[in-house]
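Notes follow once the structure below has been shown.
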Amino acid sequence: MEEVKDQEQIEQYLQAYQIKHIFNEPLLPHLSLHRFKQGEYICTQGESSPYVFILVKGKVKVFTTSAEGKALIISFKKPLEVLGEIEYFRGIDFLNTVEVISPVLAIGIHYRWLNKYGRDHAPLLQFLLDIITQKYCVKSNSLSFNLMHPVEVRLASYVLSVTSDEADAPYEGQVGAVNLKDAANLIGTSYRHLNRVIKQFCAEGLIERANGGILVKDREGLRTLAGNNIYE
């Protein structure tokens, strides 16, 4: 994580997402901007952080890990999203791990300033409440998705979620080898079954194997197969 000393850029994001009104005047000077690299963890399950983050650029993967080491995707998040607000209100360690999929910028609010200036500010509390209720719905849908949909649909959704359709993205259309090793656990299937489905997708021209990973060849075909991309 790198802190970016640029109050003007913070102001631009507040205006762009129309969220300046949720902060009162005493809190605004204490907002900070943080940059995270692809593959970096913004937060790790079981650990703590002194910040609540508002995601304003980039994409992250949220997943939980069992005591046995198995991981399950909860969702993929794009702006505008908040990370750490439940943990802040409950005074607990992070419930999930958040990994950066594409380079991220996030506005950070340190706990001490939230405690001092934000606890009684109704617009901020309403904003965070809306975020929390939305997360509850997403998590419920995600768990149902893993139980009710076949591996083909889940893999198509996963591939769409971890690749980009932006022309200038360096990771466009690619899922690396490390991701493939994790994908079976993350979407709740065996590695053997995952390989069978990957072969099926290759035969159908949806993807191809490349450099130990896979390359997306037919994004629209994957979208049709995935339907509503529940991981997002």
Side-chain angles (χ1 to χ4, degrees), residues 1-64 74-142 161 164 166 168-169 231-232:
M1 178 179 73
E2 174 190 358
E3 185 171 349
V4 181
K5 303 292 186 180
D6 192 338
Q7 290 299 317
E8 184 177 342
Q9 193 172 7
I10 293 175
E11 177 70 21
Q12 290 173 353
Y13 281 120
L14 294 180
Q15 296 291 349
Y17 289 107
Q18 300 180 353
I19 57 172
K20 186 174 182 177
H21 70 281
I22 72 174
F23 301 107
N24 53 21
E25 287 299 324
L27 190 54
L28 281 171
H30 300 291
L31 302 182
S32 53
L33 190 64
H34 302 262
R35 180 182 290 118
F36 298 87
K37 298 178 182 178
Q38 184 179 356
E40 191 173 355
Y41 291 144
I42 296 178
C43 52
T44 302
Q45 183 177 338
E47 297 184 359
S48 60
S49 168
Y51 287 96
V52 170
F53 290 108
I54 300 178
L55 183 67
V56 293
K57 182 180 180 180
K59 188 175 187 180
V60 299
K61 175 174 65 179
V62 184
F63 63 95
T64 186
I74 295 175
S75 61
F76 287 80
K77 298 293 186 181
K78 297 178 181 178
L80 190 67
E81 185 55 66
V82 180
L83 306 171
E85 77 292 347
I86 295 175
E87 290 81 358
Y88 166 70
F89 282 121
R90 295 189 61 193
I92 59 176
D93 294 335
F94 282 114
L95 298 170
N96 306 303
T97 298
V98 179
E99 180 183 354
V100 175
I101 298 300
S102 67
V104 158
L105 282 175
I107 294 173
I109 316 163
H110 199 283
Y111 282 8
R112 67 173 176 268
W113 304 121
L114 275 174
N115 288 331
K116 188 171 184 178
Y117 299 122
R119 280 286 191 171
D120 299 319
H121 188 55
L124 177 59
L125 296 178
Q126 183 63 55
F127 172 74
L128 294 176
L129 176 61
D130 290 343
I131 292 289
I132 290 170
T133 54
Q134 181 182 8
K135 285 184 178 180
Y136 174 82
C137 294
V138 168
K139 185 171 184 178
S140 177
N141 290 338
S142 178
S161 294
S164 174
E166 298 176 8
D168 61 348
Y231 288 130
E232 295 188 355

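Since the model is a prediction, treat every value here as computed from it, not as a measurement.
- Here the rule is side chain to side chain contact (heavy atoms under 4.5 Å, CB included) with Phe89, and of Val52, Leu125, Leu129, Leu114 only Leu125 fits it.
- The NZ atom of Lys5 lies 8.0 Å from the OG atom of Ser32; values are rounded to the nearest 0.5 Å.
- In Glu3, the CD atom is crowded: over 12 heavy atoms of neighbouring residues, nucleotides or ligands sit closer than 6.0 Å.
- Between the side chains of Asp130 and Gln126, at least one donor N or O lies within less than 3.5 Å of an accepting N or O.
- Atom CD of Glu8 has 12 or fewer neighbouring heavy atoms from other residues, nucleotides or ligands inside a 6.0 Å radius.
- Taking 4.5 Å as the limit, every side-chain heavy atom of Ser49 sits out of range of all side-chain heavy atoms of Glu47.
- Other residues, nucleotides and ligands place more than 12 heavy atoms under 6.0 Å from the CG atom of Asn115.
- For the pair Gly58 and Pro79, the tightest heavy-atom approach, listed with the atom from each and the gap, is O-CD, 3.1 Å.
- Taking the side chain as every heavy atom from C-beta outward, Ile109 and Tyr88 never approach each other to under 4.5 Å.
- Counting only heavy atoms from C-beta outward, the side chains of Phe53 and Val104 never approach each other to under 4.5 Å.
- Across Val60 and Ile101, no two heavy atoms sit closer than the pair C-CG1, 3.9 Å.
- In this structure, the separation between CG on Leu55 and NZ on Lys77 is 10.0 Å, given to the nearest 0.5 Å.
- Shown here for Val100 and Ile42, the closest heavy-atom pair between the two residues is CG2-CG1, 3.8 Å.
- Counting heavy atoms from C-beta on, the side chains of Tyr51 and His34 come closer than 4.5 Å.
- Considering all non-hydrogen atoms of both residues, Leu124 and Ile22 come closest at CB-O, 3.1 Å.
- Taking NZ of Lys78 as the reference point, atom OG of Ser161 lies at 8.0 Å (rounded to 0.5 Å).
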**Message:** Apply side chain to side chain contact (heavy atoms under 4.5 Å, CB included) to residues Ile92 and Glu87 and explain how you reach the verdict.
**Reply:** CA-CA 5 Å; Ile92 59 176; Glu87 290 81 358; 4.1 Å; yes
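- Side-chain contact between Lys57 and Phe36 is absent, with no heavy-atom pair separated by less than 4.5 Å.
- The backbone N or O of Gln45 lies less than 3.5 Å from a partner atom in the side chain of Thr97, making a donor-acceptor pair.
- The shortest distance between side-chain heavy atoms of Thr64 and Leu95 does not fall below 4.5 Å.
- In this structure, Leu33 and Gln9 have side chains that are in contact, with non-hydrogen atoms separated by less than 4.5 Å.
- Between Tyr117 and His30, the ring-plane angle classifies as parallel under the 30° and 60° cut-offs.
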**Prompt:** Stepwise, does the salt bridge (Lys or Arg N to Asp or Glu O under 4.0 Å) test hold for Lys20 with Glu11?
**Reply:** CA-CA 8 Å; Lys20 186 174 182 177; Glu11 177 70 21; 3.0 Å; yes
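- A 6.0 Å sphere centred on CZ of Arg90 holds no more than 12 heavy atoms belonging to other residues, nucleotides or ligands.
- Contact between Ser48 and Phe94 at its shortest, heavy atoms only, is C-CE1, 3.9 Å.
- With values rounded to the nearest 0.5 angstrom, Arg35 atom CZ is found 9.0 Å from Asp6 atom CG.
- Judged by distance alone, the side chain of Tyr17 and the main-chain N or O of Val56 form a donor-acceptor pair under 3.5 Å.
- Between Ile54 and Leu31 the shortest side-chain heavy-atom distance does not fall below 4.5 Å.
- The two residues Lys135 and Val82 come nearest to each other via the heavy atoms NZ-O, 2.5 Å.
- A distance of 9.5 Å separates CD1 of Ile10 from CZ of Phe23, quoted to the nearest 0.5 Å.
- Summarising the geometry, atom CD belonging to Glu81 is positioned 13.0 Å from atom NZ belonging to Lys59; distances are rounded to the nearest 0.5 Å.
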